[in-house]
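Order of appearance sets the numbers: ligands from 1, and atoms from 1 within every ligand.
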Amino acid sequence: MKYLKDLFDAHMSMDMYPDVRTIDDVPYPEFIIKDKRYICLCSNNYLGLSIHPEVKEAALEGVKRYGIGTCESRIIAGNMTVFEDLERTIAKFKNTDAAMVFATGFMTNIGVIPAIMDDFGLPGFPSIKNEDNLIIGDVLNHMSIIDGCRLSRAHLKSYLHKDMGHLESILERTKAKRKLIITDGVFSMDGDLAPLPKILELAKRYDAMVMIDDAHATGVIGENGRGTSEYFGVEGEVDWVMGTLSKAIGAIGGYLTGSFDLLQMLRMRTHSYIFSSGVPPEQACGIMAALKIIKEQPELRKRFWENVNHLKGGLKKAGFDIMDSETQIIPVLVGDERKCIEMARLLFDKGIIAPCLRWPAVPPGKSRIRCTTIATHTKPHIEYAIKTFYEIGKKLDII
Ligand SMILES: Cc1ncc(COP(=O)(O)O)c(C=O)c1O
């Protein structure tokens, strides 16, 4: 216990406990806290679908029909029609053979990566030694990928962020029999894109599998919102694509797409699928309604990108360093942790919610305010945000 008390004290002395805001109401793109309205500039609810009337209606119908949970794993007593409908809907949306859904994106990564790489000692199956099993990941991969890799018991190596020369040098030197290259499609903290075509070229040359985490790409990247594979014109070439239903889709859940047979195999092996309950049924109903809107209303995505570009352009012009963002994730680099915390607090005082992200979410010394927009932000919202960032940036000597 003393160890835990010391650990707690160490966290508190470093002021690690974040400024968590308690939100009373969520009329996106604003939040209400104690009767005051705030502009939400940090949500992944990119298209505002979590509160779309058609999505809410579909979820309510789902509650009436199925109740609010399955109370079992899919493979025991929790496999309702609505989950198979949802998997078919996601496969169609992603233009793939098949899809598999999970309770969250985190559960997808921590279940799927071990299920692909670890044979779990299957009786009669020739076991592969851990050191013959290699996962190579971008150093900035999301924590759920990192945890999934650790659970897989495979040998792990990282390549410098997007450095294809480094990735190739690892592939060249390894003698591992089974190799998986894994990367975020859109990097969740920096907002840049993985160089997917080059990764696929190297994977082919060195006989490696590729897995992409399209959490932040699903619904917004690519002409139809199908993600990074669509954006780069390489649909069907990535072995495994996972994503979340908790960002542009506006709900909760994770998915994996791939070939039908391989997904059937994973249904027999993925611990977070077998030993855990799935997405709640009313969420599945809401998700299908959200995917229908994404397909039928491309103007929503257009408005979203107009807002992204407006905010990005304004912050850049004001003199902020928004790193190499190529997408809707706009990191406003502050660097110094204390200054970044102060900036987030001053923004909050001025009616903007955009928290400070610091270690371990980003490397030490790279603290930042991570901004995102929503399709339903208005021009005045964005203009007010740019003006307020500018004033606070000047005050804190950041620009
Ligand atoms: C890149 C990435 N992968 C996976 C996840 C996990 O998704 P979920 O919130 O559905 O668990 C996130 C969420 O932050 C993410 O940003």
Undergrad: For Ser73, give me all partners under side-chain hydrogen bond (donor to acceptor under 3.5 Å, both in side chains), at least two apart in sequence or on another chain.
TA: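 Ser73 satisfies side-chain hydrogen bond (donor to acceptor under 3.5 Å, both in side chains) with no other residue.
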Undergrad: Please tabulate, one line per pair, the protein nitrogen or oxygen atoms found under 3.5 angstrom from a nitrogen or oxygen of ligand 1, with distances to 0.1 Å, or say none if there are no such pairs.
TA:
| unit_1 | atom_1 | unit_2 | atom_2 | d |
| --- | --- | --- | --- | --- |
| ligand 1 | 3 (N) | Asp213 | OD1 | 3.4 |
| ligand 1 | 3 (N) | Asp213 | OD2 | 2.6 |
| ligand 1 | 9 (O) | Ser246 | OG | 3.3 |
| ligand 1 | 10 (O) | Gly105 | N | 2.8 |
| ligand 1 | 10 (O) | Ser246 | OG | 3.1 |
| ligand 1 | 11 (O) | Gly105 | N | 3.2 |
| ligand 1 | 11 (O) | Phe106 | N | 2.9 |
| ligand 1 | 14 (O) | His142 | NE2 | 3.3 |
| ligand 1 | 14 (O) | Lys247 | NZ | 3.0 |
| ligand 1 | 16 (O) | His216 | NE2 | 2.8 |

Undergrad: Look at the rings of Phe389 and Phe320 and say which category their plane angle falls in: under 30° parallel, 30 to 60° tilted, over 60° perpendicular.
TA: perpendicular
Undergrad: Which residues pass the side-chain hydrogen bond (donor to acceptor under 3.5 Å, both in side chains) test with Thr70, not counting sequence neighbours?
TA: none
Undergrad: Look at the side chain of His377 and the backbone N and O of Cys40, then say whether any donor-acceptor pair between them is shorter than 3.5 Å.
TA: yes
Undergrad: Provide the full list of ring pair (Phe, Tyr, Trp, His ring centres under 6.0 Å) pairs with a residue in residues 187-239, sequence neighbours left out, each pair given once.
TA: His161-Phe187
Undergrad: Can you spot which of Leu160, Thr183, Asp138, Ile136 makes a side-chain contact (heavy atoms from CB on, under 4.5 Å) with Leu167?
TA: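 Answer to the side-chain contact (heavy atoms from CB on, under 4.5 Å) test with Leu167 among Leu160, Thr183, Asp138, Ile136: Ile136.
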